[in-house]
Amino acid sequence: MWARIENGAVVEITDADPFGRFHPSIEWVSCGKQVEVGWSYDASGFSEPLATPVDDLTAQALSRINSGYQAEMGQILNDYPHAETLTFDKQEREARQWQADNSVATPYIDAMLVERPMDKAELVGRILAKADAFTMASGKATGKRQRLEDEVKAALEAQDRDTLEALTW
């Protein structure tokens with residue numbers, strides 16, 4: 001077995017004798033034992049890489065989970081300008097109030113209707129349909145994120161490195 005070394009680390013392993021086939025500036029070292037890509041190499045020989053600390057694995061798992069959550073929620077929210085997302089609560093609140101009592105004041109919805117000529121009941125229905133769909137999608141994603149966060153905490157408590165490395169969105 002031969003290992004190609006770059007910057008003190010094994011980057012390639014081959015059974016074929018590399019001499020004569022590769023550029024002389026590439027450092028090849030004969031391996032007397034099984035080594036893997038990523039192992040270190042120095043004057044004392046080969047060594048397995050140091051294990052990543054469990055706290056780092058935990059942080060990496062949480063980062064993967066939170067990134068997945070952000071990506072999933074981003075797929076929903078990317079259809080709207082940020083300024084509009086800031087009005088979602090106001091739109092829903094006014095729509096639900098109007099649905100319960102159509103004599104209640106709805107200044108935001110009324111302002112929307114100035115530029116969007118349609119029946120107020122139709123607009124309220126659209127707002128509520130989108131609000132309900134967003135609530136379901138957001139709730140599901142948030143529940144998943146929190147479940148995965150609980151799994152990370154349990155794996156950390158058990159010092160279960162394999163689970164921490166495997167947990168992802």
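The basis for the numbers below is simple: all heavy atoms, side chains too, and nothing from hydrogens, waters or symmetry mates.
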In the single-linkage hydrophobic clustering (I, L, V, M, F, W, Y; side-chain heavy atoms under 4.5 Å), do Met1 and Val37 co-cluster?
yes
Which atoms form the tightest heavy-atom contact between Cys31 and Phe46, and what is the distance?
SG-CZ, 3.8 Å
Ile65 side chain near Glu149 side chain, heavy-atom distance below 4.5 Å
no
Test of understanding: clusters of I, L, V, M, F, W, Y form through side-chain heavy atoms closer than 4.5 Å, transitively. Do Leu123 and Val104 belong to the same one?
yes
When rounded to the nearest 0.5 angstrom, what is the spacing between CD1 in Ile127 and CD in Glu122?
11.0 Å
Of all the heavy-atom pairs spanning Val54 and Gln159, show the shortest one and how long it is.
CG2-OE1, 3.4 Å
Does Met136 CE have over 12 foreign heavy atoms under 6.0 Å away?
no
Does Thr163 use its side chain to pair, donor to acceptor, with the backbone of Asp160 at less than 3.5 Å?
no
Non-hydrogen atoms of Ile109 and Gln91 that approach each other most closely
CD1-O, 4.0 Å
Are the side chain of Ser63 and the backbone N or O of Ala59 linked by a donor-acceptor pair below 3.5 Å?
no
For the CD atom of Gln60 and the CG atom of Leu167, what is their distance to the nearest 0.5 Å?
12.0 Å
Could you give me the CA-CA distance, side-chain angles and deciding distance for Val11 and Trp39, then say whether side-chain contact (heavy atoms from CB on, under 4.5 Å) is met?
CA-CA 8 Å; Val11 295; Trp39 283 28; over 6 Å; no
Interatomic distance, Ser103 atom OG to Trp98 atom CH2 [nearest 0.5 angstrom]
10.5 Å
Nearest heavy-atom pair of Ala137 and Met73: which atoms, and what distance?
O-SD, 4.4 Å
Can we say Glu157 and Lys153 salt-bridge, meaning some charged N sits less than 4.0 Å from an Asp/Glu carboxylate O?
no
Do Val29 and Tyr41 have side-chain heavy atoms sitting under 4.5 Å apart?
yes
Which atom pair, heavy atoms only, marks the closest approach of Arg161 to Pro53?
NH1-C, 4.3 Å
So, Thr52 and Asp56: side-chain donor and acceptor under 3.5 Å apart, yes or no?
no
Assess the residue pair Phe88 and Lys130 against the criterion (side-chain contact (heavy atoms from CB on, under 4.5 Å)); give the C-alpha distance rounded to whole Å, side-chain angles, the decisive distance to 0.1 Å, and a yes or no.
CA-CA 10 Å; Phe88 283 1; Lys130 286 185 177 187; over 6 Å; no
side-chain contact (heavy atoms from CB on, under 4.5 Å) assessment of Leu148 paired with Arg64:
CA-CA 10 Å; Leu148 290 169; Arg64 289 189 304 273; over 6 Å; no
Smallest heavy-atom separation, Arg145 atom then Asn66 atom, equals CD-OD1, 3.3 Å
Other residues, nucleotides and ligands only: do more than 12 of their heavy atoms fall within 6.0 Å of CG on Asp150?
yes
From CA spacing to verdict: side-chain contact (heavy atoms from CB on, under 4.5 Å), Val10, Arg4
CA-CA 6 Å; Val10 176; Arg4 182 167 60 92; over 6 Å; no
Same apolar cluster (I L V M F W Y, side chains within < 4.5 Å links), Met118/Tyr108
yes
Separation between OG1 (Thr85) and CD1 (Ile76), nearest 0.5 Å, reads 12.5 Å
From CD (Glu94) to NZ (Lys120), nearest 0.5 Å:
8.0 Å
Can Asp132 and Arg96 be counted as an ion pair, charged N to O under 4.0 angstrom?
yes
Give, for atom CD of Gln146 and atom CD of Glu151, the distance between the pair rounded to the nearest 0.5 Å.
12.5 Å
Parallel, tilted or perpendicular for Tyr69 and Trp169, by the 30°/60° rule?
perpendicular
Side-chain contact test, heavy atoms from C-beta onward, threshold under 4.5 Å: evaluate it for Glu12 versus Trp2 and give yes or no.
no
